[in-house]
Amino acid sequence: MKKTIGRAGLAVFFLAYAALFLQNSRAVLGVGWAGGKDSAVFYYIGRAITKGLVPYRDVFDHKGPLLYLIDALGDILPSAYGMWIVQFLFMAALFAVLYQTGRLLEVHWIGCLAVLLLLRPVFATFYDGGNLTEEYAMVFMAAAQYFFLEYLVKRKTSWQRVGVIGVCLACVLMLRPNMIGVWIGYTLIILILLLKNKEYASIGKYALWMLSGLAVGMLPILIWFAAAGSLGDFADCLWRFNFTYAGRNEASDIVGAFRFYFLDTRRYFQLAEGAMALIAVYYIIKKDRYAWACGGILCAFAATAYLICSPGNIYGHYGMAAIPVFAVMTCIDIAFIFRLFKKRAYIWGIMCCAAALWLGHPHFLEDVQLLGQHLGNGFQGLEVQDGEIIELIQEKTNKSDVIQVLGNRCDIYLNSDRMAASRYIYQEPIALLRPELMDELAEDVAEAEPKLIVEYCPQMERVWDGEGNMGEVLKERYHIIYEDDRFKVYEIKQEKS
């Protein structure tokens, strides 16, 4: 009975904490989509899938297809909060997996909850509005990490466990391929361990099991693209374009990126990293049963940090990829304290400190205020961004009509409930890398003849001079019906009878 009550209590905690975590999510129709332009792109493509369109072939973007399928699930749910519900379930699952990982490492249950509370200040500085690849990848990274550590701590494995690790790897590759530090780090340590123990046959066996899981995870998506005749578009967008995108900076500041992600005092990373490194050295010297697990954690952290920092770009949400490893580093720290002093009071002290840091963090009050707003309006969504533009679109077009937005404002498609005339639903910043895109866009617009074209000037002036084929199409076939300091709205000219 006590176990049942305890599990129910934990489930309530995970769900309530996930709900509070996600109050800053932009993945609610009409709530901040404009500020989260990437998130709006992903949600639009998810909606396009529900209407029978195929990513890459019918809609251009360069993230992995699993992200769009997750957003399609959010669009199917009959609520403006559908995408938020999907995020909520992923976040609750992440907390459950990290809690179980802490218990695997013999952390007291109060210590596991303290670790989850300590994640909030870290997470808050990385979240960037959510509905991004790293947010969903964290769950798969944490699940794979659990099974890696289960082997390193208990030498427990099976084909099902290794297969799950392979499936999780496939999911991360189908989100964004450069988030595989967990697999690189732990696989390296396990390979060294197997070679040390001369378990050569196990190397091939485990590799086969993992590759089988990888195939199970990837083949359904690849078959979908093959059946739609879009494998070439998939390769072009996800691989060729991303190589161009990654190499757009002549000089990358890896040191500056590392300083931002891992040495910023707002995130408490330094405490966990430094303590964990010292504890790992102690365990290795003492040949403790946690020595190999600590080696795996440190290798996974190093690989993850390198993959995050190697592009030299600083985007906050990249840092979320380090959270699963950061969580287990903190678990090792707390487990060591408990083993050293063997008093539960220390764990409660850590819990109180974690709670104080969480309650005292500026984002806590912000989260509570946002939750109050959502409760106050019955979870019907908040104010729509640029409502006058949305109203104009809905007045001048029918739901079956297509429109075209120039810029990177897919929130306009979403909030007006209209689809794009072109495969290129946004042009900024990709037109800088592919200038010919504007000519292809002009061809699409000339063929589809959308009734309205909305130009978001602050973005378009960075990538387009107003000339070329697209400029000619606008001059010959459209006239301006609305203009302010940010927007121009063009309506197609009526043919004279």
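Positions are given from 1, in the same order as the sequence printed here. Every value quoted in this text rests on a predicted model; they were computed, and no experiment measured them.
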Contact check, side chains of Tyr44 and Asp75, non-hydrogen atoms, under 4.5 Å: no
Rounded to the nearest 0.5 Å, how far does CZ of Phe260 lie from OH of Tyr318? 12.0 Å
Ile165 side chain near Gln145 side chain, heavy-atom distance below 4.5 Å: no
With a 4.5 Å limit on heavy-atom distance, are the side chains of Val59 and Arg423 in contact? no
Might you confirm whether atom CZ of Phe88 has over 12 heavy atoms from other residues, nucleotides or ligands at distances under 6.0 Å? yes
Are the aromatic rings of Phe148 and Tyr186 close, with centres under 6.0 Å apart? yes
Centroid-centroid under 6.0 Å between Phe126 and Phe123 rings: no
Is the distance between the ring centroids of Phe487 and Tyr482 under 6.0 Å? no
Under the 6.0 Å and 45° cation-pi test, does Arg409 pair with Tyr456? yes
Only distances under 3.5 Å count here; give the side-chain donor-acceptor pairs of residues 430-439 to other protein atoms, sequence neighbours excluded, each with its distance to 0.1 Å.
unit_1 : atom_1 : unit_2 : atom_2 : d
Arg434 : NH1    : Asp236 : OD2    : 3.2
Arg434 : NH2    : Asp236 : OD1    : 2.9
Arg434 : NH2    : Asp236 : OD2    : 3.3
Asp439 : OD1    : Asn469 : ND2    : 3.3

Are any non-hydrogen side-chain atoms of Asn398 and Lys451 less than 4.5 angstrom apart? yes
Assess whether salt bridge (charged side-chain N to carboxylate O under 4.0 Å, His left out) is satisfied between Lys63 and Asp71, documenting all intermediate values. CA-CA 12 Å; Lys63 293 296 189 294; Asp71 278 76; over 6 Å; no
Within a strict 4.5 Å, meaning less than it, do heavy atoms of the Pro450 and Asp401 side chains meet? no
Salt bridge (Lys or Arg N to Asp or Glu O under 4.0 Å) partners of residues 308-331, not counting sequence neighbours, each pair once: none
Kindly indicate whether the side chain of Gln459, heavy atoms from C-beta on, has any atom under 4.5 Å from the side chain of Val463. no
Angle class for the Tyr315/His317 ring planes (parallel below 30°, perpendicular above 60°, tilted otherwise)? parallel
Using the benzene-type ring in the case of Trp, are the ring centres of Phe225 and Tyr56 under 6.0 Å apart? yes
If the condition is side-chain contact (heavy atoms from CB on, under 4.5 Å), which residues does Ile481 pass it with, not counting sequence neighbours? Leu392, Lys396, Leu452, His479, Val489, Glu491
Rounded to the nearest 0.5 Å, what separates atom CD in Gln404 from atom CG in Asp444? 8.0 Å
How many angstroms lie between atom CZ of Arg477 and atom CD1 of Ile453, to the nearest 0.5 angstrom? 10.0 Å
